[in-house]
Amino acid sequence: FGQAKSGRIRWEFGSRNNNIELSYTEPVFMGSKTSMSISLFDVDENYSGTQFRQDATGGSLRFGTPLPWDEASRVFYGYTYQRLDLQSTDDDDERFEEEYPRKESSVSLSLVRDTRLPRLHPIQGARHSLSADMAGGFLGGTVGFRKYEFESSWFAPTINDRTVLNLLLKTGGIASTGFVPVTEQY
């Protein structure tokens, strides 16, 4: 429709997974330069190479505002709530029975600079992000942590426009302020 609004329905199913996600993004929220995204999800996933399965149901709301002095940079802030349950796939393993299910209530703040061109399938430019998540405390829930992540990705054309070199650097850390779910740990 020429307004860059996007909706997404994702259903992933198989022998180990049954995941569904519904999301909607409004790039011009209430006539401003602020974007708004809402997402609802239900994840039922057996992790390959592990002895547990995750069941998570929840949703998130996120806003993004460009920095006034740099159109390529945006500040994102949001809230996520989810009910998280981990269960052992080994009948003799009872380690998750007393610790789960848990409720996670978290806020996030991110600074993103994106100069990729074109955005959908980039052949040049870079995307850098610095983010902080906080769960628990005054937000409630039964988990508590502060998580910090940095990601930097560079794109450069090589032989032709169909072959692109992408270098990615990711790092992060987490500090416990209460219970930290296995799925959030590094």
Side-chain angles (χ1 to χ4, degrees), residues 6 8 10 12 17 19 21-25 27 29 34-43 45 47-50 52-67 69-86 99-100 102-117 119-122 124-156 164-186:
S6 67
R8 179 174 152 175
R10 192 186 98 203
E12 179 182 297
N17 301 331
N19 307 327
E21 178 188 4
L22 306 170
S23 63
Y24 173 75
T25 299
F29 182 62
T34 298
S35 63
M36 188 261 322
S37 297
I38 188 165
S39 175
L40 301 171
F41 56 86
D42 185 14
V43 174
E45 189 167 14
Y47 286 97
S48 179
T50 67
F52 68 89
R53 92 177 204 12
Q54 172 187 356
D55 183 16
T57 304
S60 66
L61 180 64
R62 186 171 112 152
F63 296 93
T65 305
L67 296 177
W69 60 87
D70 183 7
E71 286 292 319
S73 298
R74 294 181 77 84
V75 174
F76 291 94
Y77 42 97
Y79 175 77
T80 301
Y81 181 84
Q82 68 176 335
R83 181 187 178 280
L84 177 65
D85 193 10
L86 295 183
E99 297 177 344
Y100 293 93
R102 294 284 179 159
K103 294 176 182 165
E104 182 178 316
S105 178
S106 64
V107 292
S108 62
L109 179 66
S110 303
L111 175 61
V112 177
R113 178 159 170 75
D114 192 348
T115 59
R116 297 174 298 169
L117 291 174
R119 292 268 171 107
L120 189 57
H121 300 289
Q124 65 181 11
R127 183 181 188 280
H128 313 290
S129 70
L130 181 63
S131 64
D133 295 345
M134 184 180 84
F138 70 91
L139 297 168
T142 55
V143 301
F145 61 83
R146 290 185 314 272
K147 181 166 66 171
Y148 307 96
E149 293 180 315
F150 173 74
E151 183 176 321
S152 187
S153 186
W154 297 275
F155 298 85
V164 177
L165 176 65
N166 175 221
L167 299 174
L168 174 66
L169 169 70
K170 270 178 114 170
T171 187
I174 192 163
S176 172
T177 59
F179 182 83
V180 180
V182 172
T183 54
E184 294 288 348
Q185 297 174 12
Y186 287 93

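These numbers come from a predicted model, not from an experiment.
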Practice problem: Compare every heavy atom of Gly144 with every heavy atom of Val180, then report the nearest pair and how far apart it is. | Solution: CG2-O, 3.7 Å

Quiz prompt | Whether Ser105 side chain and Tyr81 backbone form a donor-acceptor pair below 3.5 Å | solution = no

Exercise. Rounded to the nearest 0.5 Å, what's the gap from CE on Met134 to CG on Leu139? Could you check?
Key: 4.5 Å

Practice problem: Please assess Leu84 against Tyr100 for the test side-chain contact (heavy atoms from CB on, under 4.5 Å), listing each intermediate value before the final yes or no. | Solution: CA-CA 7 Å; Leu84 177 65; Tyr100 293 93; 4.3 Å; yes

Quiz item: To the nearest 0.5 Å, how far apart are CD in Gln124 and CZ in Arg116?
Solution: 12.5 Å

Exercise. Start with the C-alpha distance between Met36 and Leu61, add both sets of side-chain angles, then the distance that settles side-chain contact (heavy atoms from CB on, under 4.5 Å), and finish with yes or no.
Key: CA-CA 7 Å; Met36 188 261 322; Leu61 180 64; 3.6 Å; yes

Quiz item: Can any side-chain N or O of Gln54 pair as donor or acceptor with the backbone N or O of Val43 at less than 3.5 Å?
Solution: no

Quiz item: Asp85 side chain to Arg102 main-chain N or O, any donor-acceptor pair under 3.5 Å?
Solution: no

Exercise. Using only heavy-atom distances, determine whether the side chains of Arg62 and Ser110 contain a donor-acceptor pair under 3.5 Å.
Key: no

Exercise. Nearest 0.5 Å please: distance from the CG atom of Leu130 over to the CD atom of Glu151.
Key: 11.5 Å

Quiz item: Of the non-hydrogen atoms in Tyr186 and Tyr148, which two are nearest, and what is the gap between them?
Solution: OH-O, 3.8 Å

Quiz item: What pair of heavy atoms forms the shortest contact from Phe52 to Val182, and how long is it?
Solution: CZ-CG1, 3.9 Å

Self-check item: With sequence neighbours excluded, residues passing side chain to side chain donor-acceptor pair (under 3.5 Å) with Ser129
Solution: none

Exercise. Determine the minimum heavy-atom distance between Thr80 and Ser60, stating which atoms define it.
Key: OG1-CB, 3.3 Å

Quiz prompt | side-chain contact (heavy atoms from CB on, under 4.5 Å) between Thr65 and Tyr77, intermediate numbers included | solution = CA-CA 9 Å; Thr65 305; Tyr77 42 97; 3.3 Å; yes

Practice problem: Could you tell me whether the side chain of Arg83 and the main chain of Thr57 form a donor-acceptor pair under 3.5 Å? | Solution: no

Quiz item: Less than 4.5 Å apart, any side-chain heavy atom of Phe76 and any of Val112?
Solution: yes

Quiz item: Looking at Arg113 and Ala72, what are the two nearest heavy atoms and their distance?
Solution: NH1-CB, 3.3 Å

Quiz item: Could you state the interatomic distance from CG (Leu111) to OG (Ser131), rounded to the nearest 0.5 Å?
Solution: 10.0 Å

Quiz prompt | Interatomic distance, Tyr24 atom OH to Ile38 atom CD1 [nearest 0.5 angstrom] | solution = 10.5 Å

Quiz item: Are Pro122 and Arg127 side-chain neighbours, meaning at least one heavy-atom pair lies under 4.5 Å?
Solution: no

Practice problem: Could you grab the distance from atom CD of Gln82 to atom CD of Glu104, nearest 0.5 Å is fine? | Solution: 4.5 Å

Self-check item: Short side-chain to backbone donor-acceptor contact, Thr115 and Ala126, under 3.5 Å
Solution: yes

Quiz item: Does the pair Gln185 and Phe145 meet the rule for a side-chain contact (heavy atoms from CB on, under 4.5 Å), with working shown?
Solution: CA-CA 10 Å; Gln185 297 174 12; Phe145 61 83; over 6 Å; no

Practice problem: Mind jotting down which residue pairs meet the salt bridge (Lys or Arg N to Asp or Glu O under 4.0 Å) criterion with at least one end in residues 172-186? Sequence neighbours excluded, please. | Solution: Lys147-Glu184

Quiz item: Is a side-chain donor or acceptor of Asn17 paired with a backbone partner of Asn19 at a separation under 3.5 angstrom?
Solution: no

Self-check item: Salt-bridge criterion met for Glu149 and Lys170 (N-O under 4.0 Å)
Solution: no

Self-check item: Short side-chain to backbone donor-acceptor contact, Arg10 and Ser23, under 3.5 Å
Solution: no

